[in-house]
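The structure appears right after this line, and notes come after that.
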Number of protein chains: 2
Amino acid sequence: MKITLTHATEDYLKAIYAISVDGASASTNALAERLKIAPASVTGMLKRLAEASPPHVDYRKHHGVTLTPEGERAALKIIRRHRLLETYLHEMLGFSWDEVHEEACLLEHVISERFESRIDELLGHPTHDPHGDPIPDLNLVMPQEASVRLSALRPPQKATIQRVDAKDGDLLRFLEGKSLVPGSKLEISAYSPFDGNLTILLNQQEMILGPTITRHIFIEEN
Amino acid sequence: MKITLTHATEDYLKAIYAISVDGASASTNALAERLKIAPASVTGMLKRLAEASPPHVDYRKHHGVTLTPEGERAALKIIRRHRLLETYLHEMLGFSWDEVHEEACLLEHVISERFESRIDELLGHPTHDPHGDPIPDLNLVMPQEASVRLSALRPPQKATIQRVDAKDGDLLRFLEGKSLVPGSKLEISAYSPFDGNLTILLNQQEMILGPTITRHIFIEEN
DNA sequence: ATTAGAATTTAGGGTGGACTAAATTATTTT
DNA sequence: AAAATAATTTAGTCCACCCTAAATTCTAAT
């Protein structure tokens with residue numbers, strides 16, 4: 001059975017990829033929640049994705065789906081576009097950190113190869129978007145990414161922020177205001193047990209951050 | 001009856017506007033041809049546009065449609081986006097003259113207000129796109145446009161190209177190659193009757209152009 | 001091993017937007 | 001004015017994508 005890859009299918013593939021990064025299979029409910037779609041509707045789409053030629057997912061009833069190589073390729077292509085667009089919107093059009101996601105979600109389904117390669121070029125083939133998320137290269141290979149959370153560090157320790165994992169606009173604006181963005185260097189001067197607060201020094205400024213915040217910040221030790 | 005303005009409806013409104021610039025009413029067939037859609041399908045959409053609240057077109061069976069004020073407003077909004085995008089793609093992303101149209105057709109349905117105003121700002125609030133077509137301002141008012149065709153001039157005469165009305169890629173590339181683009185100044189040195197050829201001088205270069213070409217070039221005399 | 005509750009799928013419906021084929025209305029020609 | 005032709009609309013389908021309600025299947029607790 002044939003299939004036409006549309007905006008909707010691209011969103012599904014992206015969501016499946018995001019949910020199953022660690023090898024798990026994406027469940028109907030998890031997809032439904034992430035995509036804000038009724039579970040019953042998800043089932044229908046998963047069937048279509050599985051019956052596509054070539055199939056984009058492996059689908060076993062009641063056991064969720066995993067991406068086929070073809071599906072993963074398609075997902076990575078969209079993720080590349082999304083992150084390139086976020087970078088582009090931030091760097092070249094002056095969109096703020098918390099605005100880029102929504103706009104990129106719309107544009108990613110629409111831009112041409114040419115547009116994609118043009119902004120890639122103008123940005124100097126970036127490897128990470130404004131949030132620090134890795135951008136797959138032209139061969140759809142993901143650059144290696146930092147996976148140590150700021151919340152896991154203990155003083156004394158110096159670190160550089162690599163990535164911030166948050167989608168909430170308020171949190172993003174808060175982090176930006178405190179310069180808690182990829183590239184910033186910081187030093188941990190104290191750890192408070194029980195509440196998990198960290199005292200850190202950044203730009204000669206001291207601040208105390210709770211684990212609700214530090215959990216979302218991924219760093220590289222140095 | 002309610003209506004949701006989608007990509008498709010925007011394309012219809014744009015097409016209706018383009019066909020009826022001179023006060024004529026847009027016929028079903030003309031719209032069908034322009035949009036590459038079967039006439040029967042057009043009828044259906046026109047009904048929906050007419051029954052929208054507020055109505056976007058006036059529709060009388062067998063007599064085509066005209067835009068209501070609401071419909072014209074919507075059409076101008078898309079046209080503004082389209083032409084701003086064409087200008088932006090050309091000036092800032094290095095798209096060639098003949099590539100911008102297609103890409104703009106995709107993006108125009110998707111970009112946010114913010115995106116629109118950002119590129120408008122970066123471009124310095126341009127009044128004309130790369131083809132010389134006028135860009136409606138923020139209040140959706142069209143700047144005045146030149147309406148004298150190069151084919152109507154006779155020597156001796158000096159003129160400046162204001163606008164080029166062509167959608168064919170081959171023709172666009174030809175014109176660009178000869179610097180027959182908005183802003184270029186030229187001088188008419190000879191007119192050949194019967195075939196209508198004009199001999200013109202542009203950048204110290206002489207060339208002879210037939211009316212098939214000069215008809216598409218709009219100028220201002222000087 | 002049964003059963004309650006959660007997850008998932010089936011069944012049936014709706015909307016936007018396109019299609020073809022057939023019927024109708026306008027227009028033009030004779 | 002009638003007939004031929006062109007333009008338009010109706011009627012009937014189809015597909016992608018979403019929905020709700022009801023049925024099913026899986027899982028976990030007893």
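Bear in mind that the values here come from a model prediction, so they are computed numbers and not experimental data.
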**Report entry** Any A:T9 side-chain nitrogen or oxygen under 4.0 Å from OP1 or OP2 of D:dA16
**Finding:** no
**Report entry** Distance, rounded to the nearest Å, where B:M45 contributes CE and C:dC19 contributes P
**Finding:** 11 Å
**Report entry** Any donor-acceptor N or O pair under 3.5 Å, side chains A:E86, A:H90
**Finding:** no
Query raised in the report: Side-chain N or O of A:K47 less than 4.0 angstrom from OP1 or OP2 on C:dT10?
Result: yes
Query raised in the report: If you measure from the Lys or Arg side-chain nitrogens to the Asp or Glu carboxylate oxygens, is any gap between A:R73 and A:E70 under 4.0 Å?
Result: yes
Query raised in the report: A:S41 near the nucleic acid: base, sugar-phosphate alone, or nothing, with a heavy-atom cut-off under 4.0 Å?
Result: base
Query raised in the report: Going by the salt bridge (Lys or Arg N to Asp or Glu O under 4.0 Å) test, which pairs reach into residues 26-41 of chain B, not counting sequence neighbours?
Result: none
Requested in this report: Give the rounded distance in Å between these two atoms: NE2 of A:H7 and C1' of C:dG16.
Outcome: 15 Å
Query raised in the report: Please give, in whole Å, the distance from D:dT8 P to B:I37 CD1?
Result: 15 Å
Requested in this report: Determine the contact category for B:A38: base if any of its heavy atoms lies under 4.0 Å from a base atom, sugar-phosphate if only primed atoms, P, OP1 or OP2 are that close, otherwise nothing.
Outcome: base
Query raised in the report: With a 4.0 Å cut-off on heavy atoms, is A:A40 in touch with a base, just the backbone sugar-phosphate, or nothing at all?
Result: base
Please enumerate all protein N or O atoms sitting under 3.5 Å from an N or O of nucleotides 24-29 of chain D, with distances to 0.1 Å.
none

Query - A:P39 side chain, from C-beta outward: closest of D:dT9, D:dT8, C:dT9 - result: C:dT9
Query - Whole-Å gap separating C1' (C:dG16) and CG (B:D11) - result: 14 Å
Requested in this report: Apply the side-chain hydrogen bond (donor to acceptor under 3.5 Å, both in side chains) test between B:S112 and each candidate in A:E103, A:E99, A:E102; give the one that qualifies.
Outcome: A:E103
**Report entry** Whole angstrom value for the distance that separates C1' of C:dC19 from NZ of B:K36
**Finding:** 17 Å
Requested in this report: Starting from C1' on D:dT8, measure out to CG on B:L31 and report it in whole angstrom.
Outcome: 12 Å
Query raised in the report: Reckon A:Y12 has a side-chain N or O less than 4.0 Å from the OP1 or OP2 of D:dC18?
Result: yes
Query - Nucleotide D:dA6, atom C1' - distance to CD of B:E33 in whole Å - result: 14 Å
**Report entry** Nearest-angstrom distance from the residue atom CD of B:E51 to P of C:dG16
**Finding:** 11 Å
Query raised in the report: If you draw a 6.0 Å radius around CZ in A:R60, do more than 12 non-hydrogen atoms from other residues or ligands fall strictly inside?
Result: no
Query raised in the report: Which class fits the ring pair A:F115 and A:Y88: parallel under 30°, tilted 30 to 60°, perpendicular over 60°?
Result: perpendicular
Report summary line: Nearest heavy-atom approach of B:C105 to B:H109 is O-CD2, 3.2 Å
**Report entry** Short side-chain N/O contact to C:dT10 OP1/OP2 from A:T43, under 4.0 Å
**Finding:** no
**Report entry** Any A:N29 side-chain N or O less than 4.0 Å from OP1/OP2 of C:dA6
**Finding:** no
